[in-house]
Amino acid sequence: MGPTSLALIQLGSILFVLGVLGRVAGRFGMSPIPLYLLGGLAFGKGGVIELRSASEFGHIAGEIGVVLLLLLLGLEYTAPELVTGLQRSWLAGLFDLVANATPGVVVALLLGWGTVGAVTMGGVTYISSSGIAAKVLNDLGRLGNRETPVVLSILVFEDLTMAVYLPILTTLLAGVGYLAGLRALAVALLAISVVLTVALRYGRYVSAILDASDKEEFLLKLLGAALLVAGLASALNVSAAVGAFLLGIAISGTTARNAARLLEPLRDLFAAIFFVAFGLNADPRAIPPVLGWAVLLAVVTVLTKVATGWWAAARQGIRRMGRARAGAALVAHGEFSVVIAGLAVSVGTVDHEVAALASAYVLLMAVLGPVAARVVEPTARLVRRFRGPQPAAG
């Protein structure tokens, strides 16, 4: 059998299995990300069946998946919403950063992975999954709840923090000097400032350039612009993901809504391939030695994420049930955590145990997040019933 035939057979098998896994996840009301990662682990190096011929396509498709994930994430925000969200949530955002990045940093240092490993794992444990959180809130009918703006503002803060964090991580992974690192950070901050200014004042012109009545023309413009901006950002060590995210922010109005509808199926396809490609590059035999650390990180960061949401909601005068729902909504980790770990592993300057720990951790958190959001209310009611009526204060 020729290499092309083998690659097509393997790729077709992977896509078919992804469809089945997505359906299974939907039946149980959970995110398909853990199953996609498990699929990658099963078919990669050290897995049940190693599919080498499809790995090259998987790599480039995974890169496109990251670009589409972050582009659509940017399309969900407008510049005014970002500014308002930052003004409202900066203190809660800082609490979130310190409380949830610290466990990853500490574990990486204890395992002897050095500064780069610590910065990598800090990002993995810090960032919640905006995609999973938004889907869960929508599925549970909580988009109109009082605590939901608090949750969304924290997610906005996290996403913007990633726009600064990823260039720093990219610089560290590249092993460049202190001055080059400062230059990369300055470029990232300048890019964010320019994009927000352009989006606030001239967003309609950016949208007009990309808009088109014909779907084919519109799709080609969007994909071309996203890949072009992502490539330029990567060349500047700012990270392709950040470039795509900032382009999404700059697109506004009807164009943004049409772009989101048009790109969503493509995003889902390439994002699934991205998670599988990450799993293909992670050796499942490396997971058992770090599984205990993954469980420990999961337990600690579930508590710190719940504490973050509880405290932020309390500052807005929200009652206890709303605080608990806010905390549970932040638990899930997914796409960004995998992007961070994948970036670190692809450069090859960190131990492959980082990929194994990140895989196990994301598997746990992507499952625990939706479960926590669903059980928080029944659990709270059960606790109240068990405790019985409380005496009146004072």
Side-chain angles (χ1 to χ4, degrees), residues 33-34 37 92-133 154-155 157-173 181 239 241-242 275 278-279 281-282 286-309 311 327 330-369 372:
I33 290 175
L37 288 172
L94 290 178
F95 179 88
D96 179 32
L97 175 61
V98 174
N100 293 287
T102 301
V105 170
V106 170
V107 166
L109 292 176
L110 288 174
L111 291 172
W113 291 345
T115 302
V116 177
V119 173
T120 301
M121 284 307 304
V124 168
T125 58
Y126 161 59
I127 184 75
S128 299
S129 171
S130 300
I132 296 177
I154 292 174
L155 293 175
F157 186 93
E158 289 185 353
D159 293 336
L160 282 178
T161 301
M162 284 294 104
V164 177
Y165 165 83
L166 285 176
I168 296 174
L169 178 63
T170 304
T171 303
L172 288 173
L173 292 171
S239 162
V242 172
F275 292 119
F278 178 79
N281 291 321
I287 290 180
V290 297
L291 186 57
W293 290 108
V295 172
L296 176 63
L297 281 176
V299 171
V300 171
T301 51
V302 164
L303 295 175
T304 52
K305 280 293 182 181
V306 170
T308 299
W311 182 73
L330 294 171
V331 168
H333 287 53
E335 58 274 11
F336 251 134
S337 296
V338 179
V339 168
I340 293 166
L343 178 64
V345 172
S346 66
V347 175
T349 55
V350 298
D351 197 307
H352 271 67
E353 286 186 336
V354 173
L357 178 56
S359 298
Y361 175 75
V362 171
L363 283 170
L364 292 170
M365 298 299 282
V367 172
L368 288 173

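Residue indices begin at 1 and follow the sequence shown.
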*Asks:* Evaluate the side-chain contact (heavy atoms from CB on, under 4.5 Å) criterion for residues Trp113 and Thr120: first the C-alpha distance (whole Å), next the side-chain angles of each, then the deciding distance (0.1 Å), finally the verdict.
*Replies:* CA-CA 10 Å; Trp113 291 345; Thr120 301; over 6 Å; no
*Asks:* For Thr308 and Ala92, work out which heavy atoms get closest and say how close.
*Replies:*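 Here Thr308 and Ala92 meet closest at CG2-O, 4.2 Å.
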*Asks:* Shortest non-hydrogen contact from Leu368 to Val331?
*Replies:*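 That would be C-CG1, 4.2 Å.
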*Asks:* Taking only distance into account, with no hydrogens and no angle test, what donor-acceptor pairs under 3.5 Å do side-chain atoms of residues 102-110 form with protein atoms, sequence neighbours excluded?
*Replies:*
unit_1 : atom_1 : unit_2 : atom_2 : d
Thr102 : OG1    : Val98  : O      : 2.4

*Asks:* Met162 and Tyr126: which non-hydrogen atoms are nearest, and at how many Å?
*Replies:*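 Reported closest heavy-atom pair: CE-CD2, 3.8 Å.
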*Asks:* Ala360: what forms a side chain to side chain contact (heavy atoms under 4.5 Å, CB included) with it, not counting sequence neighbours?
*Replies:*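 Result, side chain to side chain contact (heavy atoms under 4.5 Å, CB included) vs Ala360: Ile287, Leu291, Ala294.
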*Asks:* Nearest heavy-atom pair of Ser129 and Gly334: which atoms, and what distance?
*Replies:*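 Ser129 and Gly334 have their closest heavy atoms at CB-N, 3.5 Å.
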*Asks:* Might you work through the side-chain contact (heavy atoms from CB on, under 4.5 Å) test for Leu330 and Leu155, ending with a clear yes or no?
*Replies:* CA-CA 8 Å; Leu330 294 171; Leu155 293 175; 4.0 Å; yes
*Asks:* Return each pair, listed once, that meets side-chain hydrogen bond (donor to acceptor under 3.5 Å, both in side chains) where at least one residue sits in residues 291-301; pairs must be two or more places apart or across chains.
*Replies:*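 Passing the test, one end in residues 291-301: Thr301-Tyr361.
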*Asks:* Could you check Met121 against Leu297 for side-chain contact (heavy atoms from CB on, under 4.5 Å), going step by step and ending with a plain yes or no?
*Replies:* CA-CA 10 Å; Met121 284 307 304; Leu297 281 176; 4.0 Å; yes
*Asks:* Which heavy atom of Ala99 sits nearest to which heavy atom of Thr304, and what is that distance?
*Replies:*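 For Ala99 versus Thr304, the nearest heavy atoms are O-CG2, 3.7 Å.
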*Asks:* Any idea which heavy atoms bring Tyr165 and Ile340 closest together, and the distance?
*Replies:*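 Taking every non-hydrogen atom into account, OH-CG2, 3.5 Å.
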*Asks:* At what distance, to the nearest 0.5 angstrom, does CD of Glu158 lie from CG of Asp96?
*Replies:*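 Result: 4.5 Å between the selected atoms.
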*Asks:* State, yes or no, whether a side-chain contact exists between Ile154 and Phe95 at a heavy-atom distance under 4.5 Å.
*Replies:*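 A side-chain contact is absent here, since even the closest heavy-atom pair is not under 4.5 Å.
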*Asks:* Walk me through it: do Met365 and Val302 pass the test side-chain contact (heavy atoms from CB on, under 4.5 Å)?
*Replies:* CA-CA 8 Å; Met365 298 299 282; Val302 164; 4.0 Å; yes
*Asks:* Starting at NZ of Lys305, measure out to OG1 of Thr125 and round the result to the nearest 0.5 Å.
*Replies:*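 The distance works out to 8.5 Å.
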